[in-house]
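In what follows, a structure is listed as structure tokens, so that the remarks can point back to it.
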Amino acid sequence: MEVVPIHNEAMISTEDCPKPDRAHRRSKVSTDVETDIELLYKAIPQISKVFRVIDKIGEGTFSSVYLGEAQMHDGSRQKFALKHLIPTSHPTRIAAELQCLTVTGGGENVIGVTYCFRKEDHVVIVMPYLEHRPIVDIISSLSFEEVRLYIYNLLKALKHIHQFGIIHRDIKPNNFLYNRKTKEYALVDFGLAQGTADTQIDLLKDLPGLRKVQRPVFGERNMNSCSQIASTTKLTSSRTELVKVTKAEDPASRGFALLKSQGANRKPQRAVPLGATCSCYHTDRVCNICLSRKQQIAPRAGTPGFRAPEVLTKCPNQGTAIDVWSAGVILLSLLSGRYPFFKASDDLIALSQIMTIRGSRETIQAAKTFGKSVVCSRELPRQDLRVLCETLRGRRPSPDDVTPLPQNNGPVSQKAHVPDETPTHRPTQEHVRPDDTPLTVTMETEDDRGWGGVPDEAYQLLDQLLDLNPTTRITAADALTHELFTDLRASAIAEKHM
Ligand code: ADP
Ligand code: MG
Ligand code: ZN
């Protein structure tokens with residue numbers, strides 16, 4: 001198994017070693033970013049000998065990502081992404097992230113790793129830079145064909161990492177970079193990855209307790225995207241009465257209520273008095289006995305809006321199917337033109353939003369199969385995915401009762417609506433094409449972008465990706481053989497034989 005060796009001091013590969021460039025010219029960069037760049041140089045001085053760090057391009061709770069430029073031996077300049085992990089990250093966690101990249105990266109739409117620097121507890125992973133725009137900025141102008149290619153390429157990356165027994169756990173557009181011009185794609189960020197039981201990634205086998213801190217719901221910042229920061233909402237305390245999740249099989253254990261109340265009003269956990277019986281089973285409330293029970297430990301990383309039902313209900317057996325669900329949420333988002341699609345500040349809100357789309361009875365039924373009992377205060381019908389997406393795209397008249405999405409602060413029983421923050425992406429009529437195509441035709445194509453003829457296969461695949469039951473949910477490998485992609489497979493095979 002090859003892991004980029006991390007030496008005590010900074011380490012770089014000798015092949016293709018870029019020459020130092022000391023012209024730290026940063027005219028357009030804010031002073032804050034400049035300060036951060038200086039701190040980065042200070043933490044690992046070796047970096048300044050190789051890279052001119054130009055800008056900060058991403059900032060999350062666990063890392064800051066910078067854009068760096070290096071002069072190569074042939075005189076050309078190349079751009080790199082430099083991911084500086086927070087020094088408090090667990091060493092095994094860092095090594096596991098690196099191992100995922102070194103073993104699976106560099107092809108099949110998974111980002112590669114070029115170098116790794118380490119000095120004391122500072123680690124910087126150097127990757128090829130893929131220029132990209134945040135999905136919120138481009139979603140309204142994507143054609144159906146682009147969406148189809150995007151999902152195909154995401155599934156390709158998932159198939160690849162799943163073959164190695166890697167569960168990514170944080171599949172979302174911010175972690176699947178897309179360059180529209182070059183049609184390049186890159187899966188990034190194995191910072192939350194876990195191994196399947198038979199994983200080939202040694203370091204995923206016994207990860208220490210994972211990240212202590214959960215990823216914040218809206219804490220991640222993509223420096224390119226102001227809209228995402230602007231859409232940050234106050235985190236309201238979760239409504240524990242909304243949905244109740246308990247273990248189903250055994251009435252005695254049904255009280256292991258998994259409700260997590262976020263924020264300030266979280267009660268300290270008290271021991272449940274022996275013999276105390278719960279009084280809330282099959283009601284839409286949670287009694288004090290249940291509130292005081294110990295939380296069940298199950299992996300729950302990721303971003304609520306992209307979490308699969310088995311993650312939201314803390315099912316202890318989670319597999320690669322959770323990444324496939326997230327891909328389904330992305331497809332739903334792209335087909336409907338809404339990003340984010342599910343915007344939830346906690347897991348129960350997220351689960352109730354899933355119910356409004358996939359049906360409450362269906363969700364409850366699926367949860368039962370993995371041993372969880374979910375109670376919902378109102379029955380929500382399953383929605384037709386084509387009708388839903390076309391309505392949200394404004395291609396169908398909007399009946400009053402379509403797409404009720406519970407909000408952060410609204411219970412399921414209350415009629416909710418699509419998030420306010422999500423703009424209605426009406427196609428503009430103002431695009432002018434440089435060529436001489438007759439104006440009327442131009443406007444029609446520009447407006448349509450293929451959205452008038454979305455084939456049934458797209459919604460069939462969406463339905464299979466968003467299968468509430470992880471054991472019947474389509475795999476990434478099978479999804480790639482879906483009729484929606486027939487022509488792409490044919491051309492991929494042809495390419496291989498050329
Ligand atoms: P985190 O663990 O903090 O989420 P990521 O690895 O997801 O860190 O990187 C954060 C952001 O930095 C990404 O969403 C992306 O915008 C940018 N980024 C990361 N890697 C690259 C890369 N190789 N090329 C271009 N941008 C990148
Ligand atoms: Mg990320
Ligand atoms: Zn109870």
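This is a predicted model, so every value here is computed, not measured. Every number for a ligand or one of its atoms is a count from 1 in the order of the listing. Sequence positions, counted from 1, serve as the residue numbers for this chain.
Contacts between N175 and ligand 1 below 4.0 angstrom, taking non-hydrogen atoms only, involve the side chain exclusively. Under 4.0 angstrom from ligand 1, there are no non-hydrogen atoms of E59. Both the backbone and the side chain of Y129 come within contact range of ligand 1, each with a heavy atom under 4.0 Å.
With distances taken over non-hydrogen atoms, the option nearest atom 21 (C) of ligand 1 out of L177, L101, V126, N179 is L177. Which of A186, P173, P128 comes nearest to atom 23 (N) of ligand 1 through a heavy atom is settled by distance: it is P128.
The backbone N or O of L468 sits nowhere less than 3.5 Å from a side-chain atom of R358 that would complete a donor-acceptor pair. A donor-acceptor distance shorter than 3.5 angstrom exists from the side chain of T475 to the backbone of D478, with no hydrogens or angles considered. H84 contributes no side-chain N or O that, together with a main-chain N or O of Y66, makes up a donor-acceptor pair within less than 3.5 Å.
Between D189 and K83, at least one side-chain N (NZ, or NE/NH1/NH2) sits under 4.0 Å from a carboxylate O, which counts as a salt bridge.
The N/O atoms of T61, backbone and side chain alike, include none that comes under 3.5 Å of an N/O atom in ligand 1. Considering backbone and side-chain N/O atoms, L130 comes within less than 3.5 Å of an N/O atom of ligand 1. For ligand 1, one of its N or O atoms has an N or O atom of D189 under 3.5 Å away. Taking distance alone, with nitrogen or oxygen atoms compared against 3.5 Å, N174 approaches ligand 1 more closely than that limit. Below 3.5 Å of separation, one finds no N or O of E131 facing any N or O of ligand 1.
Shown are L158, L154, I151; of these, the side-chain contact (heavy atoms from CB on, under 4.5 Å) with F176 is made only by L154.
For K205, the salt bridge (charged side-chain N to carboxylate O under 4.0 Å, His left out) partners two or more places apart in sequence, or in a different chain, are D202.
Here the angle centred on the Mg ion (ligand 2), running from OD1 of N175 over to OD2 of D189, is 100°, rounded to 10°.
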